[in-house]
Amino acid sequence: MAQPPLRWGATDARPRGNRRRRGTPAALCPLLAQLFPELAPSSGLIESTLLPLPKLQDRLGIPGRVLLKADHALPVAGSVKARGGFHEVLCHAEQLALHNGLLRDTGDDYRKLARAEARALFARHSLGVASTGNLGLSIGMIGAALGFDTQVHMSSDAKAWKKQRLRDRGVRVVEYDGDYSAAVAAGRAATLADPAGYFVDDENSPRLFHGYAVAALRLRQQLHDAGIPVDAEHPLLVYIPCGVGGAPGGICFGLRQLFGAAVHCFFAEPVEAPSVLLGLLDPTVPAVSEIGLDCRTEADGLAVGRASEWVCERVGSQVSGVYTVTDDSLFRDLYRLHQAEGIDIEPSAAAGIQGPARLIGSVDGLRQHADLARRMDKATHLIWSTGGQLVPESEYRNFLEIGKIASKET
Ligand SMILES: Cc1ncc(COP(=O)(O)O)c(C=O)c1O
């Protein structure tokens, strides 16, 4: 089995040259490096590495090449939600600063956004988001770092440690008994009741979507640096955990722009919360409760009862497939990844691991893609691990215990 040489680093994907353009990392990296000292090694760029998974690939018996896009270790917020969340909050901060004369123009030095005048301006503006956890962590981290009055509205699925981490950074956490959609409705109403409030709307946000899509540009560079071809002869098959649809949708959109029909994106959802699967099948985008599912899953990031209609409309025709996973299989795969490769992720982030075997084992799926089936030995399977770095050690040990038991049972 052909294996890529080593690992392709986050810093390799750093933008080249010094030209500053609006919203590009070149303009924002110095600001981010100042706000978050842990970004010093990458000069402020937030990016993850691309890793080979040779042992897991052997264990699963997958032909071709199997890689991991390691967003579970994205610096600062530890999940894929940092991509969209940081982008949206930085867009908002930029707009406020331009409007209030704190930035001269989009060619200005964005480190001005960390100065006392900017912090004082942002402190007079509230920022709200509803989240099952990781989007809240992302908005909370960047919002608090810039000085916004930040509120995170969290559904009952959100883990206690995520709430605590936000409170430790001065973010206001509002808890709800209901599910994610209830938290979104309440959070949106509470934030917009403030005339200076800005709500990050996970169900309906082009800014989040475009932030996720940037991952495609970085991935293209990493694949290029590693000498891995992507074309009709060498398809790229990408497996991404999916909640409301924004993160996988944005990534899929970006990849299709760059690689066209040579890339195939598959979304992975919990069996009890297949919200995007439903949303792609039915243009009215029903809630999973309407087909008798209760949305209960240990994959807190994916515990979403209704998909983003906005995302379903935009990427519906570009998604190659959706599959569902049980909680037991998520824990089993999390354990397998730890055992085989020493990589630690959270349950939601493990949903992509089954992708290659599910595709290869899907007679119907491969019949629909006969060309793809013939090229499996030249294919690159990319499992997107979307979160986990910030999970406390004791919590992770529990995940492993459950995964070990689930492995024995299968
Ligand atoms: C770890 C993890 N993976 C995947 C997702 C899915 O992202 P989206 O809800 O945008 O589909 C989330 C969402 O919070 C998440 O936390």
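Fair warning: this is a prediction, and the values are worked out from it, not measured in the lab. Every heavy atom of this structure was used, including side-chain atoms; hydrogens, water molecules and symmetry mates were not. Each ligand, and each atom within it, is numbered from 1 in the order the structure gives.
- If you check which protein heavy atom lies closest to atom 3 (N) of ligand 1, you get Thr386 OG1, 2.7 Å.
- For atom 14 (O) of ligand 1, the nearest non-hydrogen atom of the protein is Gly301 O, 3.4 Å.
- Between Phe266 and Tyr323, the distance from one ring center to the other does not fall under 6.0 angstrom.
- Near Ser348, the atoms of ligand 1 lying under 4.0 angstrom from a non-hydrogen atom of the residue are 1 (C).
- For atom 9 (O) of ligand 1, the nearest protein heavy atom (residue, atom name, distance) is Val244 N, 2.9 Å.
- Checked against a 3.5 angstrom limit, the closest N/O atoms of Ser79 and ligand 1 fall outside it.
- Taking distance alone, with nitrogen or oxygen atoms compared against 3.5 Å, Asn134 approaches ligand 1 more closely than that limit.
- Side-chain contact, Lys404 with Gln339: no donor N or O sits under 3.5 Å from an acceptor N or O.
- A donor-acceptor contact under 3.5 angstrom links the side chains of Glu88 and Tyr198, judged on distance only.
- Within the listing of ligand 1, atoms 4 (C), 6 (C) sit less than 4.0 angstrom from a heavy atom of Pro241.
- By the 3.5 Å distance cut-off applied to N or O atoms, Gly246 is counted among the residues near ligand 1.
- For atom 6 (C) of ligand 1, the closest non-hydrogen atom on the protein side is Gly243 N, 3.4 Å.
- Ion pairing of Glu401 with Arg397 is absent here, as no side-chain N (NZ or NE/NH1/NH2) approaches a carboxylate O to less than 4.0 Å.
- In summary, Asp108 and Lys112 engage in a salt bridge, as defined by a charged side-chain N under 4.0 Å from a carboxylate O.
- Residue Ala349 places no N or O, backbone or side chain, under 3.5 Å from any N or O of ligand 1.
- Assignment of Gly245 to the shell around ligand 1 is supported, since a heavy atom sits closer than 4.0 Å.
- For the pair Glu203 and Arg188, the salt-bridge criterion is met [side-chain N within less than 4.0 Å of a carboxylate O].
- Distance from atom 10 (O) of ligand 1 to its nearest protein heavy atom, with residue and atom name: Lys81 NZ, 2.6 Å.
- Residue Leu135 places no N or O, backbone or side chain, under 3.5 Å from any N or O of ligand 1.
- Shown here are the side chain to side chain donor-acceptor pair (under 3.5 Å) partners of Arg167, two or more places apart in sequence or in another chain: Glu175.
- Side chain to side chain, Gln151 and His153 meet the donor-acceptor criterion of an N or O pair below 3.5 Å.
- Of all protein heavy atoms, the one lying nearest to atom 5 (C) of ligand 1 is Leu302 CD2, 3.6 Å.
- The stretch residues 122-136 participates, sequence neighbours left out, in these side-chain hydrogen bond (donor to acceptor under 3.5 Å, both in side chains) pairs: Ser126-Asp194, Asn134-Lys162, Asn134-Glu346.
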